[in-house]
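A short write-up of the structure that comes next.
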Amino acid sequence: MIDFNSICKKWQKKWEDAEIFKVNEDPKKKKYYVLEMYPYPSGSGLHMGHARNYVLGDSCARYKRMRGFNVLYPMGYDSFGLPAENAAIKAKSHPKIFTEKAIETFIRQQKELGLSYDWSRSLACHKPDYYKWDQWIFLKMYAQGLAYKRKAAVNFCPECNTVLANEQVIGGKCWRHENTDVEIKELNQWFFKITEYADELLRDIDKLQWSEDVKMMQRNWIGRSEGTLMWFDIRGSDRKITVFTTRPDTFYGITYLVYAPEHPDVLELVKGTKYEEEVKKFVRKVILEDRFTRTAEDKEKEGMFIGRYAINPITKEEIPIYIANFVLYEYGTGAIIAVPAHDQRDFEFAKKFNIPIKVVINPDGYELNPERMSRAYMGDGNMTNSDDFNGMFNRDAIEDIAKFLEKHGHGKKTVQYKLRDWLISRQRFWGAPIPIIYCDKCGIVPVLEEDLPVILPDDVVFEEAENPLKHYEKFLNVKCPKCGATGQRETDTMDTFVDSSWYFLRYCDAKNDKQPFDPRKANYWMPIDQYIGGREHACGHLIYFRFFTKFLRDLGLLNFGEPALRLFNQGMLHKDGVVMSKSKGNVVIPEEVSKKYGIDTARLFLMFVSSPGKDMEWSDDGVEGSFRFINKFWFTITEKKITDSKSSKEVSKLHKTVKEVTEFFEGFEFNRAIMSLMQFTNYISEMDEISNESASALVRMLAPFTPHICEELWKFLGNKNFVSLEKWPEYDEKLIDEEAEASDVLVDRTRADIVHVMNLLKIKKAEKIKLITSIKWKYVFMEIMKKELENTRDVKSIIGVCMKNPELKKHGQEISKLVPAVLKDPRKIPETVLSEEREFEELVSVKEKLSKFFGADVAVVRAEESKEKKAEVALPGKPAIVIS
RNA sequence: GCGAGGGUUGCAGAGCCUGGUCAAAUGCGCAGGACUUAAGAUCCUGUCCCUUAGUGGGUCCGUGGGUUCGAAUCCCAUCCCUCGCACCA
């Protein structure tokens with residue numbers, strides 16, 4: 001057994017020593033940037049699920065490298081974040097310790113996978129030389145008003161005395177205190193004004209070669225809708241209620257208005273009225289108890305009248321104002337017009353509270369009766385009850401009524417986005433500090449660029465969940481850059497998604513200490529040609545990094561606006577039917593497989609079983625299969641005689657394989673590439689000798705998948721260079737000869753026939769077989785020296801195998817060469833096989849002799865062309881069968 | 001509900017875009033055989049049904065229709081599954 005393991009180690013070391021994957025900008029070469037989303041270095045290390053992702057990128061990078069591209073393929077670590085901090089709190093230690101240990105493990109594991117990263121560009125965002133530039137970018141945004149602070153409602157756990165991320169709120173309770181309700185607190189928070197780019201982010205989606213579902217998710221997330229703002233006076237108040245609607249055509253059907261319960265105007269409007277107490281109660285209930293369930297569609301509609309009326313500016317009618325749980329404060333203006341006749345939600349609510357229903361759109365052909373409607377009519381139709389707009393098609397009225405309201409100062413056409421500004425404040429220690437100083441005199445003062453980075457202290461003590469920066473004087477107290485008085489630092493840190501929004505740019509120039517990256521270098525390498533990562537980031541990272549790219553472009557640092565034109569979402573790796581993950585307890589770690597088979601086997605399996613975009617099931621048996629293949633491949637190259645000569649068929653097959661594999665690589669169909677390579681390997685493994693060209697091409701084509709073994713075999717073939725840096729084999733379409741391959745069919749059939757006959761006759765290894773091809777008669781005969789006949793007479797039993805295919809004539813020569821090769825199993829037929837031409841007549845005469853000897857035919861003759869020569873068939877011990 | 005992607009022969013998973021060469025690749029599993037004292041490994045053969053020495057025939061790619069000389073492949077309808085988004089005004 002080959003020690004694949006030490007082969008892996010050996011080549012990993014050689015790659016590292018020779019720094020063969022290190023790259024520099026080279027304007028003369030075409031660049032290619034392959035990138036996997038950088039991982040959070042979790043303490044538990046990486047498992048096969050991660051490995052699949054990296055091997056995918058690695059295979060791609062290796063392929064592109066061999067295609068002559070200047071390939072940038074880096075790796076780094078998303079090393080800020082909660083798990084390390086929590087581990088630190090638990091152990092009263094420092095997150096840095098956990099993080100750096102985890103990174104070490106990751107690097108070791110990734111190196112063991114044989115990934116061809118340019119390690120010299122590696123980065124980790126918890127290091128000051130990285131987060132310094134987070135802070136720098138923050139300052140740039142701040143200067144442009146794109147980073148700003150405002151009050152926002154956030155989740156707060158009174159037990160922990162800290163703000164929680166959404167993921168830390170489970171069913172309205174704190175994740176650590178399952179009996180503690182999470183409170184919603186209005187806190188001053190930092191935001192990035194991503195909405196400034198909403199429109200461009202939406203428009204540019206069309207430029208991206210991403211999967212449709214991710215693009216659609218982003219479109220939904222950005223959620224652009226064109227509509228109209230309207231405002232109504234409120235009787236007895238100088239406030240107005242402003243609503244957003246996409247259906248101004250239903251304006252005359254408004255029978256009530258609704259505020260979202262948390263809308264700040266609500267409490268103002270009920271202050272001092274008899275409604276105040278009840279409204280407060282309702283608001284509290286909705287905000288606290290129903291916070292996580294109220295958005296469910298099947299949620300019962302609840303609400304109440306708040307004792308106020310708005311005035312319809314056109315009809316002057318009084319319109320009652322409600323609050324209701326189905327109106328969202330975050331969307332639009334946090335208040336809506338309700339048209340129960342034409343909106344199902346409004347309808348249900350109106351029914352429940354006995355609010356009138358007014359029809360303003362009738363479907364073609366009949367009139368709706370509001371008394372008898374069982375649900376809202378949401379379709380199109382003709383306007384009614386709408387003054388001058390009566391009779392108009394409602395779609396046209398959308399535009400006209402909007403204009404009408406705008407003209408009279410009651411409304412305004414507008415575009416609304418669902419996308420919210422990005423809340424980046426985190427009341428946590430383990431993140432990039434927000435570079436802001438609060439000065440009693442000067443207010444909010446940004447840290448000066450030359451004072452960056454604002455460093456996260458190493459000597460803080462973690463004792464509670466609360467951010468230790470809050471009590472760390474040395475960090476906290478700082479001179480105001482403006483006036484010199486003592487100010488206080490912001491203790492909030494940035495969301496870790498800030499780090500990941502530009503790390504791909506830092507790879508282009510990872511060591512730069514003057515700027516986040518040299519624009520020339522970034523403009524050379526970027527955009528990312530192939531980005532690889534999970535689709536779960538569709539509405540997070542994958543929007544943020546587009547936003548950052550556009551911002552940095554507008555800052556003049558980049559000459560493009562999209563970070564990654566091609567995105568590939570790899571599938572999940574399953575085991576026992578569920579996603580492989582630590583929490584499910586079904587992880588397989590690369591080391592396990594590696595120890596047993598060498599890592600190439602695992603790599604091959606990961607790439608082989610399923611198309612990369614689909615989920616796949618890990619199977620230990622399947623790994624065995626990959627291992628078998630690798631062995632076969634190994635022995636085919638190392639044990640076959642390698643020659644310079646080659647048959648035209650071999651050439652044809654080779655070029656066809658190169659073509660297929662190349663195309664499959666381009667299409668990211670790695671599993672099919674491997675299938676193709678397996679077939680070719682099987683083909684040449686059946687031959688006596690293989691051509692140098694085939695061996696060389698095969699080793700090179702498998703190198704992206706099983707690089708270690710291929711390096712070894714490449715050396716075995718007499719090459720001095722690394723196969724990793726070799727040129728990808730070329731193919732010539734003209735050399736692909738489908739016709740030449742047709743003879744394969746003949747060979748296969750012949751082989752099947754021969755094996756069949758041997759099985760029937762129980763031919764043992766001691767027996768000698770001779771194959772005789774008769775081109776003229778389209779037969780291949782097997783001449784078998786049966787042991788028990790050896791001493792009797794000078795005769796042999798003869799088995800004839802007929803090729804029925806008339807093409808035999810054309811390919812006969814080849815068959816006579818190949819059939820023996822096909823049968824070459826040393827243990828099976830030791831002294832087989834030579835072939836020669838004989839005339840059929842001669843064979844027939846032998847057969848006759850034998851027939852006489854046995855008193856029956858001993859030959860199996862499969863007749864096809866020999867209609868005129870009826871063939872008799874018999875097996876020893878069996879009655880003769882006659883066929884025509 | 002909306003959107004996206006799927007349903008293929010024991011399992012996994014190709015094929016579908018660019019209809020025929022598709023009973024449908026490849027791997028696994030299973031069965032038989034060779035080898036072996038035996039097992040393992042390896043190799044060969046088979047693996048929808050009926051029948052054969054070779055062959056031939058039938059059924060088949062979620063379901064039902066349609067287009068076509070011809071459909072796993074194109075069109076329509078329908079059921080189911082997965083994943084997003086989800087009372088977005």
Side-chain angles (χ1 to χ4, degrees), chain A residues 1 211-221 223-225 227-228 243-247 250 258 260 294-301 324-328 330-339 343-346 348-349 416-418 535-536 538-539 569 572 574 604-605 608-611 613-626 628-629 631-632 635 669 671-672 674-679 682 738 742 745 749 751-760 762-765 801-802 804 822-829 860-864 871 873-875 878 881 883:
Chain A
M1 183 153 158
S211 67
E212 234 11 83
D213 59 335
V214 170
K215 293 207 277 189
M216 195 50 76
M217 279 191 241
Q218 294 212 346
R219 286 192 194 102
N220 288 341
W221 187 258
R224 181 181 199 273
S225 54
T228 303
V243 300
F244 172 78
T245 181
T246 53
R247 296 289 306 275
T250 62
V258 192
R294 65 182 278 206
T295 50
E297 200 169 355
D298 51 2
K299 178 81 183 172
E300 176 70 22
K301 293 191 175 28
N325 60 350
F326 68 93
V327 178
L328 306 174
E330 298 81 37
Y331 185 71
T333 62
I336 61 158
I337 54 171
V339 186
D343 183 288
Q344 186 60 25
R345 295 158 300 177
D346 299 349
E348 287 168 27
F349 192 80
Q416 189 69 42
Y417 295 94
K418 273 199 290 184
R535 52 168 61 71
E536 69 272 16
C539 299
N569 306 116
M572 300 279 235
H574 293 226
L604 187 76
F605 177 71
F608 167 58
V609 169
S610 155
S611 45
K614 291 190 176 164
D615 291 350
M616 69 175 266
E617 173 76 20
W618 177 268
S619 127
D620 293 331
D621 292 328
V623 177
E624 293 271 357
S626 294
R628 271 200 277 280
F629 169 75
N631 274 293
K632 186 181 216 169
F635 288 117
E669 297 181 283
N671 57 325
R672 298 183 67 190
I674 293 171
M675 289 171 198
S676 210
L677 288 165
M678 281 181 168
Q679 280 174 30
N682 286 340
E738 301 287 348
V745 180
R749 293 178 91 111
R751 185 179 64 162
D753 283 347
I754 292 167
V755 170
H756 183 70
V757 168
M758 291 200 306
N759 284 340
L760 282 174
K762 305 255 181 269
I763 291 168
K764 295 278 193 284
K765 73 168 181 182
V801 181
C802 171
K804 73 169 189 176
V822 160
L823 284 173
K824 187 184 158 281
D825 176 349
R827 280 163 309 175
K828 197 182 216 170
I829 313 167
V860 175
V861 180
R862 301 210 321 221
E864 179 69 22
V873 178
L875 301 174
K878 283 193 179 183
I881 306 159
I883 323 163

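Sequence lines set the chain letters: A, B, ... in the order given, protein chains first and strands last, and positions in each chain run from 1.
Atom pair Y417(A):OH and rA89(B):C1' shows a separation of 17 Å (rounding to whole Å applied). To the nearest angstrom, C1' of rA86(B) lies 9 Å from CG of N220(A). For F349(A) and rA89(B), the CZ to C1' distance is 14 Å, given to the nearest whole Å. Note: NZ (K215(A)) to C1' (rG84(B)) measures 16 Å, nearest angstrom. Rounding to whole angstrom units, CD of residue E212(A) and C1' of rC83(B) are separated by 15 Å. One can place CD of E330(A) at 11 Å from P of rA86(B), the figure rounded to the nearest angstrom. When the P atom of rC88(B) is taken as reference, atom CZ of R247(A) falls 13 Å away, rounded to whole Å. Distance L677(A) CG to rA25(B) C1': 14 Å, rounded to the nearest Å.
Between the P atoms of rC48(B) and rA24(B), the separation comes to 9 Å (whole Å). Separating the C1' atom of rA23(B) from that of rU42(B) is a span of 30 Å, rounded to the nearest Å. Comparing rA4(B) with rA77(B), their P atoms are spaced 14 Å from each other, to the whole Å. For the P atoms, the distance linking rA71(B) with rC17(B) amounts to 14 Å, nearest Å. rU8(B) and rG64(B) have their P atoms separated by 16 Å, given to the nearest Å. For the P atom pair drawn from rC83(B) and rG13(B), the interatomic distance equals 15 Å after rounding to whole Å. Atom C1' of rG32(B) sits at a distance of 22 Å from the matching atom of rU26(B), rounded to the whole Å. Comparing the P positions of rU73(B) and rG7(B) gives an interatomic distance of 12 Å, to the nearest angstrom.
Side-chain nitrogen and oxygen atoms of R628(A) include none within less than 4.0 Å of the OP1 or OP2 phosphate oxygen of rC43(B).
The residue among S619(A) and D343(A) whose nearest nucleotide of RNA chain B lies closer to the 5′ end is S619(A). Where E624(A) and D346(A) meet RNA chain B, the nucleotide closest to each residue was compared, and E624(A) sits on the side nearer the 5' end.
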Verdict with supporting geometry, L604(A) and F629(A), side-chain contact (heavy atoms from CB on, under 4.5 Å): CA-CA 9 Å; L604(A) 187 76; F629(A) 169 75; 3.6 Å; yes
side-chain contact (heavy atoms from CB on, under 4.5 Å) evaluation trace for D346(A) with I336(A): CA-CA 10 Å; D346(A) 299 349; I336(A) 61 158; 4.0 Å; yes
Criterion side-chain contact (heavy atoms from CB on, under 4.5 Å) on K418(A) and Y331(A), from CA distance to verdict: CA-CA 6 Å; K418(A) 273 199 290 184; Y331(A) 185 71; 3.3 Å; yes
Worked verdict on V623(A) versus W618(A) for side-chain contact (heavy atoms from CB on, under 4.5 Å): CA-CA 8 Å; V623(A) 177; W618(A) 177 268; 3.4 Å; yes
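At distances below 3.5 Å, at least one donor-acceptor pair connects side-chain atoms of D615(A) with backbone N or O atoms of M572(A). Judged purely by atom type and a 3.5 angstrom limit, Q218(A) uses its side chain to pair as donor or acceptor with the backbone of A538(A).
rC17(B): no Watson-Crick or G-U partner with both key distances under 3.5 Å is found in any strand. rC35(B): no Watson-Crick or G-U partner with both key distances under 3.5 Å is found in any strand. Base pairing of rA12(B) is made with rU26(B), judged by Watson-Crick or G-U wobble geometry with both donor-acceptor distances under 3.5 Å. Base pairing of rU55(B): no nucleotide in any strand meets the Watson-Crick or G-U wobble criterion (both distances under 3.5 Å). rU73(B) makes up no base pair with any nucleotide shown, lacking Watson-Crick or G-U wobble contacts both under 3.5 Å. The partner of rU68(B), taking Watson-Crick or G-U wobble pairs whose two distances both stay under 3.5 Å, does not exist in any strand shown. In this structure, rA41(B) forms no base pair with any nucleotide, since neither Watson-Crick nor G-U wobble geometry is met with both distances under 3.5 Å. Using the Watson-Crick or G-U wobble rule with both distances under 3.5 Å, rC60(B) pairs with nothing in any strand shown.
Checking rG84(B), rU26(B), rC88(B) against the side-chain heavy atoms of Y331(A) singles out rC88(B) as nearest. Listed candidates were rG27(B), rG3(B), rC88(B). Nearest to the side chain of N682(A) is rG27(B). The side chain of M678(A) approaches rG27(B) more closely than any other nucleotide in the set rG27(B), rA89(B), rG84(B). Set against rA25(B), rG3(B), rC88(B), the side chain of Q679(A) has rA25(B) as its closest nucleotide. Side-chain proximity of D621(A) to rG27(B), rA89(B), rG29(B): nearest is rG29(B).
Counting any heavy atom pair closer than 4.0 Å across all strands shown, G625(A) reaches sugar-phosphate atoms only and no base atom. Contacts of E536(A) with the nucleic acid, taken as non-hydrogen atoms under 4.0 Å apart, are absent. Backbone-only engagement by T245(A) is indicated by non-hydrogen atom pairs under 4.0 Å involving sugar-phosphate atoms exclusively.
R219(A) is listed as a side-chain neighbour of M216(A), based on a closest heavy-atom distance under 4.5 Å. Side-chain contact between R247(A) and D343(A): absent, with no pair of heavy atoms (C-beta onward) separated by less than 4.5 Å. When side chains are defined from C-beta on, F326(A) does not count as touching E348(A), because their heavy atoms never get closer than 4.5 Å.
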Do any N or O atoms of the protein come closer than 3.5 Å to N or O atoms of nucleotides 9-17 of chain B, and which pairs are they?
| unit_1 | atom_1 | unit_2 | atom_2 | d |
| --- | --- | --- | --- | --- |
| rG13(B) | OP1 | D615(A) | O | 3.4 |
| rA14(B) | OP1 | S611(A) | OG | 2.3 |
| rA14(B) | OP2 | K614(A) | NZ | 3.2 |
| rA14(B) | O2' | R672(A) | NE | 3.4 |
| rG15(B) | OP1 | E669(A) | OE2 | 3.4 |
| rG15(B) | OP1 | R672(A) | NH1 | 2.9 |

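Under 3.5 Å, the side chains of D621(A) and S619(A) contain no donor-acceptor pair of N or O atoms.
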